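Everything on this sheet refers to the single structure shown next.
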Amino acid sequence: MPTFRYPVLIIRDPAGAFTAVGVEGDGLAAFGLTAREACDELQDYLLWLRRQTPWLPEPDFLEPELHTFKVNVRSEYRTPQRIYPSEEPITIQVPCVIGKQASGQMLASLPLLGIRFTYHEPESLKGLVQRFVLQKLEGLTPQELARHLALPQYELNDVVVRVPDKELATPPPEAPRTLGRVAEPLGDRAVRKQFARAWERDADVLILVRKLHWEKANVLLVGEPGVGKTTLLVEAVREVEKRLAKEATREEATPLPRRFWQLTAGRIIAGMKYLGQWEERVETLIGELGEIEGVLCVDRLLDLVRTGGRGPTDSIAAFLLPFLSRAEMRMVAEATPSELDACRRLLPGLADVFQVVHVQPFDRVKALAVLDRQIETTKANLHINVAQGVSDRVIQMYRRFMPYSVFPGQAVGFTRDLLNRCSREHWPEVTPAHVVTHFMERTGLPELFLRDELTLSRETVLDEFRKQVIDQPEASEAAANVVMTFKAGLNDPSRPLGVLLFCGPTGVGKTEMAQALARFFFGAATAEQKKDTKNARLIRLDMSEYSGFDAVERLVGPPYGEPSELIQKIRQQPFTVLLLDEIEKAADDVYDVLLSAFDEGRLTDRFGRVTNLRSALIVMTSNLGADKQSTFGFDERSRPRYRDEAMAFFRPEFFNRLDAVVTFLPLGAQTIQAITRKELGAIASREGLVQSGIAIRWSDRLVEHLAKVGFDPRYGARPLQRTIEREVVAPLAKWLLERPSTATKDIQADWEANAIVFRE
């Protein structure tokens, strides 16, 4: 019968109760009304610990002795600017237990501070104690330091633990070397707790358990992204391992090896440099799985087809196919329906070695049940309050604004983040209003879109766009139509929010209108999101960069590489405005790819990887016809027929998928002056003027001069910004720097004698 002796420090607090603190081991303590009760509590815990983990090392703290050291500690207060130390130090009595290890090394333990250290000379012990105590208590306030003052009584004792041999547990078997390095055991509690329970999936769990436990089959879980394939697999693994444990006889009750190992294609080839290395690793994995009757779990079957060689025929999947066909290994994989079709096309015969289990998305009733169960579980764990109607509002938000999203999918993650935020920010209760706010911050959609009770008039929308893009009535009407359709919930859920083509000469406001749409639709982003870029919800592509032979690969990503930057951005934030600038310069293959994006709101590559564009607004700009302008100036009769030029250039199947073709008018003299005033007004929002509180008034003469100099009939208003920077911003900066101490908050800017003049 193994016997273990643990030294403990018994402390009596001012209330008369006792605490037994282990000299070895962090957090080893027990409480009792008497010293005997505290020791018994600690003894019971250590006995249980030894029964469960007998492979733990024996206590190695021999010949313990109790000493007391006095250490003077100076408390202090801290502010961001400085430190305020107390005038008088506080004397702390520190109990210290010294002893030896079996090797003869001298040890010291400060149980109340959780400090243990070794030392060589007895004369150095006092100095070391003072050093470690000061390091531990440095920077504490007098109130914080008070809890470390000397307790009334303490004494050294020990706890003896005797464990009968028959009660000792057998240590768990070591994981296979290669599997343990590149894969994770799904049956391990630490791995399983990363996934939610597969609520409302009882029938699916039973089907999967039957195929994995009794039929010993290779299984392919097929379902849309977010439907819960991995969660279902983890739940089935939990049930299978329970059944395996029950089937083991009591005489042979040794810990079972982990049977289900999850990994990705990337982890298989990680660190492989030379030809044949990953094949050797895969063979090792197959051998280790065979020794433990294990099952390989792959989160995406398509990745095995894409990874390993120059094509599907020399990929990891092709290497594994003979082993799967001969039942020399077992596998559970996941795929979406489109990915399954791609696997069948690229590597015929691979899908035939699997039994397919279709995982269907939830309807509204089951989705509500899942969210309610998740809320109840999280509410109990985090000790928070959740009002009625939260799950209903979550379902409503996702049904209305992300109808392509399957359930439970993102709704479960959204709810979990919302409840964690409630706990983190100490909200008194989670309400449906918090759901709307959280959804607004995630998507950028303003509150007026998310709340049906908030009305929106067409004239208000038109005024907003007219302020931002001046004297373009047709463009403002088209933008307002998109907004009103979306607000009314009449947009086609199977297409993008809108597909618009802006035609007209350069510098007339086409890009500015796209930016105005991004601000109106998705301007409710968080402060952090707004700091990222000037237009965090606008993705702008110069289509002249997509005119080469590799244009499609640049747009969606190379066949055997990671998705393009565009795809990654849209997947990360689907609520965005996609601006395709000068679309006429793109290659013909790009138009073919965009057809499905315009018609179905989806971009699909040859591997079946789908990117959803149904929450995006697609805007294209074109200068077709601008080179046919016969005269220059402000004469509106010189305006080309931009719509006819676009219709003649684009193929009918491309042109017919556009929701609107908007013509931007050439700029007139009054328009240029209005744009000039708008640009000058924007200067007031720059950091230097905002911090100083200076307001600037611009004279009519200055506006007329800038409008005349900054306008070019060939380039529209685009040169105007450069003119304002040169003629206004640079002289204003010089004028302000020459007067750093001026108290004037109102400045008049005028144009006199061919120069800008500032007056206080």
Side-chain angles (χ1 to χ4, degrees), residues 182 217-227 229-230 233 262-270 272 275-279 281-283 285-286 295-359 549-564 566-568 571 589-590 592-597 600 602-612:
V182 301
N218 298 313
V219 181
L220 180 61
L221 299 173
V222 179
E224 296 294 343
V227 77
K229 299 186 291 294
T230 305
L233 174 59
Q262 186 183 47
L263 82 170
T264 62
R267 294 186 69 174
I268 292 178
I269 65 171
M272 302 291 98
L275 186 65
Q277 275 190 299
W278 69 260
E279 290 90 342
R281 173 178 284 180
V282 171
E283 288 182 340
L285 291 174
I286 295 173
V295 181
L296 198 63
C297 304
V298 181
D299 59 352
R300 294 186 67 182
L301 181 63
L302 181 62
D303 287 347
L304 296 182
V305 179
R306 294 177 49 242
T307 308
R310 292 174 295 178
T313 56
D314 56 357
S315 63
I316 296 176
F319 186 85
L320 291 174
L321 184 55
F323 296 94
L324 294 171
S325 302
R326 297 191 298 264
E328 295 179 10
M329 70 168 294
R330 293 173 57 200
M331 179 185 294
V332 179
E334 302 174 18
T336 65
S338 56
E339 290 175 349
L340 177 58
D341 293 339
C343 290
R344 286 173 170 157
R345 182 179 68 254
L346 298 170
L347 192 60
L350 176 63
D352 297 334
V353 303
F354 293 94
Q355 293 187 21
V356 176
V357 175
H358 292 278
V359 185
F549 67 92
D550 61 342
V552 174
E553 291 186 5
R554 296 193 61 195
L555 186 67
V556 300
Y560 300 102
E562 293 299 317
S564 66
L566 167 66
I567 298 301
Q568 294 180 29
R571 288 178 180 176
D589 292 342
V590 172
D592 296 334
V593 172
L594 292 177
L595 288 179
S596 62
E600 302 175 356
R602 294 158 58 99
L603 278 177
T604 306
D605 63 9
R606 65 189 294 258
F607 291 109
R609 296 174 296 186
V610 177
T611 302
N612 209 302

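Only a predicted model underlies this, so the values are computations on that prediction, with no experimental measurement involved. In this chain, residues are counted from 1 in sequence order.
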Kindly say whether [Y] contributes a backbone atom to a donor-acceptor pair with the side chain of [X] at under 3.5 angstrom?
{"X": "Ser564", "Y": "Leu555", "answer": "yes"}
{"X": "Glu279", "Y": "Phe319", "answer": "no"}
{"X": "Arg281", "Y": "Ala270", "answer": "yes"}
{"X": "Trp278", "Y": "Gly308", "answer": "yes"}
{"X": "Asn218", "Y": "Met331", "answer": "yes"}
{"X": "Thr307", "Y": "Leu304", "answer": "no"}
{"X": "Lys229", "Y": "Gly223", "answer": "yes"}

request  = Would you indicate whether the side-chain heavy atoms of Val556 and Pro563 approach each other to under 4.5 Å?
outcome  = no
query = Heavy-atom distance under 4.5 Å between the side chains of Leu603 and Val593, does that happen here?
reply = yes
task = State, to 0.1 Å, how close Val590 and Val552 come at their nearest heavy-atom pair, and which atoms those are.
result = N-CG2, 4.1 Å
Closest non-hydrogen atom pair, Ala318 against Thr313 = CB-O, 3.4 Å
query = Ile268 and Val182: side-chain contact (heavy atoms from CB on, under 4.5 Å), yes or no, with the steps?
reply = CA-CA 7 Å; Ile268 292 178; Val182 301; 5.8 Å; no
message = Going by the rule salt bridge (Lys or Arg N to Asp or Glu O under 4.0 Å), which residues pair with Asp299 if we only count those two or more places apart in sequence or in a different chain?
response = none
note = Across all chains, not counting sequence neighbours, the salt bridge (Lys or Arg N to Asp or Glu O under 4.0 Å) partners of Asp592 are Arg651
Drop me the distance from [X]'s [atom1] to [Y]'s [atom2], to the nearest 0.5 angstrom.
{"X": "Thr230", "Y": "Glu334", "atom1": "OG1", "atom2": "CD", "result": "3.5 Å"}
{"X": "Leu285", "Y": "Leu320", "atom1": "CG", "atom2": "CG", "result": "9.0 Å"}
{"X": "Leu340", "Y": "Leu302", "atom1": "CG", "atom2": "CG", "result": "10.0 Å"}

query = After noting the C-alpha distance and the side-chain angles of Gln262 and Val332, does the key distance pass the side-chain contact (heavy atoms from CB on, under 4.5 Å) rule?
reply = CA-CA 9 Å; Gln262 186 183 47; Val332 179; over 6 Å; no
query = Could you go step by step and tell me if Thr611 and Arg571 meet the side-chain contact (heavy atoms from CB on, under 4.5 Å) rule?
reply = CA-CA 7 Å; Thr611 302; Arg571 288 178 180 176; 3.2 Å; yes
task = Determine which pairs satisfy salt bridge (charged side-chain N to carboxylate O under 4.0 Å, His left out) with at least one residue from residues 313-332, sequence neighbours left out, and list them in order.
result = Arg326-Glu328
note = Residues at least two apart in sequence or cross-chain that pass side-chain contact (heavy atoms from CB on, under 4.5 Å) with Arg554, listed by chain then number, are Glu545, Tyr546, Asp550
With sequence neighbours excluded, residues passing side-chain contact (heavy atoms from CB on, under 4.5 Å) with Thr336 = Pro225, Ser338, Glu339
query = Going through the checks in order, is the side-chain contact (heavy atoms from CB on, under 4.5 Å) test met by Asp303 and Thr264?
reply = CA-CA 8 Å; Asp303 287 347; Thr264 62; 5.8 Å; no
Side-chain donor-acceptor pairs of residues 342-355 under 3.5 Å, sequence neighbours excluded:
residue: Arg345; atom: NH2; partner: Arg606; partner atom: O; Å: 2.3
residue: Gln355; atom: OE1; partner: Lys211; partner atom: NZ; Å: 2.6

